Structures are given as C-alpha cells and as structure tokens.
Amino acid sequence: MAAAVACPNREINLQMCPCPNDECERRGICCECVQAHYAVGKPNACARMPARDPKTMDLVPLAKVCPTNLERNLEFCPCGCKDCGKQGTCCECVRLHYKPDGNGVVACMKGLL
C-alpha cells in the first residue's frame, strides 16, 4: 500500500493505535482508516476510544507534519473548531483526543456513534 510507505507517522501511530485488527493495511494510518470507515458509515476503533496506555502520551511531540493527504483530508474534515491547527491531519487529531481514561471522540466519528 503506497499510503503506508508515505505516512511519516505510521510507526508512532502503531504504538497507540486502538484497532484490534493487526492485519488491516490501514492500521496506523489514521487518515486512511477514518476515511474508509466514514465512507461506509461505520465507526472505527478511534470512535470507541478505549483506554489508552498512558506511556504513549509522550509520543505526541515526536510526530512529523504529514502533508501527504492534507488537501483531501481538509475537504473531508467535519471539525467545527476553525482555530485548530490539526484540521486535515487525522493522526494528530486522534492523538489529541485519545486519552488514557478512554474519554474523547474525534469529530469525524461522532456522527457515526
């Protein structure tokens, strides 16, 4: 999958990805996962936000800006927070909302729950 190779944050994302399907080719590529699940109207694991391992919270500053699908993601992003610097960068949004206590849902999945 070309997106897997192009995603500069995949290794970081895999360390905190709540998806139980280790065989999914989109695992760790948040924008591809969110797009695929939203397109068929079914929430992904990020929508259910299980408790996150607190040790992964320090991964957030290691992420790189990912311009790969930014334009496409901006067209899709339903977030109404216009001053948010994470719009269109799904993996950063997931990392922001995915909390150790299991609370938090990314905006793009709220309508599917």
Side-chain angles (χ1 to χ4, degrees):
M1 171 182 231
V5 176
C7 180
N9 294 312
R10 188 166 196 218
E11 290 305 314
I12 292 170
N13 296 344
L14 285 172
Q15 294 178 56
M16 54 156 273
C17 184
C19 181
N21 183 358
D22 291 335
E23 303 300 316
C24 179
E25 63 184 5
R26 289 183 295 271
R27 192 168 188 273
I29 308 173
C30 304
C31 62
E32 295 294 327
C33 182
V34 167
Q35 291 270 0
H37 283 271
Y38 199 83
V40 295
K42 295 183 179 177
N44 61 12
C46 294
R48 295 181 191 95
M49 294 289 186
R52 176 179 178 180
D53 183 346
K55 291 180 268 183
T56 64
M57 294 302 287
D58 62 352
L59 296 172
V60 175
L62 301 176
K64 298 171 181 72
V65 173
C66 182
T68 309
N69 292 317
L70 183 62
E71 188 173 317
R72 177 197 70 174
N73 294 346
L74 283 171
E75 290 176 13
F76 160 84
C77 186
C79 180
C81 184
K82 298 302 177 203
D83 60 347
C84 177
K86 293 171 182 23
Q87 284 186 325
T89 53
C90 303
C91 60
E92 291 218 34
C93 186
V94 168
R95 281 191 293 272
L96 173 73
H97 289 280
Y98 188 17
K99 308 285 186 202
D101 63 5
N103 289 324
V105 176
V106 290
C108 49
M109 292 288 117
K110 285 182 180 178
L112 299 180
L113 293 176

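Here the structure is a predicted model, which means the values were calculated and not measured.
- Residues Cys19 and Arg27 come closest through the heavy atom pair O-NE, 3.1 Å.
- For the atom pair Arg95 CZ and Ile12 CD1, the distance stands at 6.0 Å (nearest 0.5 Å).
- Gly28 approaches Cys17 most closely through the heavy-atom pair N-SG, 3.9 Å.
- Leu96 CG to Glu92 CD: the interatomic distance, rounded to the nearest 0.5 Å, is 9.0 Å.
- Rounding to the nearest 0.5 Å gives a distance of 15.0 Å between NZ of Lys55 and CE of Met16.
- A side-chain contact (heavy atoms from CB on, under 4.5 Å) with Cys33 is found for exactly one of Asn44, Asn13, Val94, namely Asn44.
- When all heavy atoms are compared, the tightest approach of Glu32 to Arg26 is O-CD, 3.3 Å.
- Rounding to the nearest 0.5 Å places CD of Gln35 at 10.0 Å from SG of Cys77.
- For the atom pair Cys31 SG and Asn73 CG, the distance stands at 4.5 Å (nearest 0.5 Å).
- In terms of heavy atoms, Gln87 sits closest to Leu70 at O-CD1, 3.9 Å.
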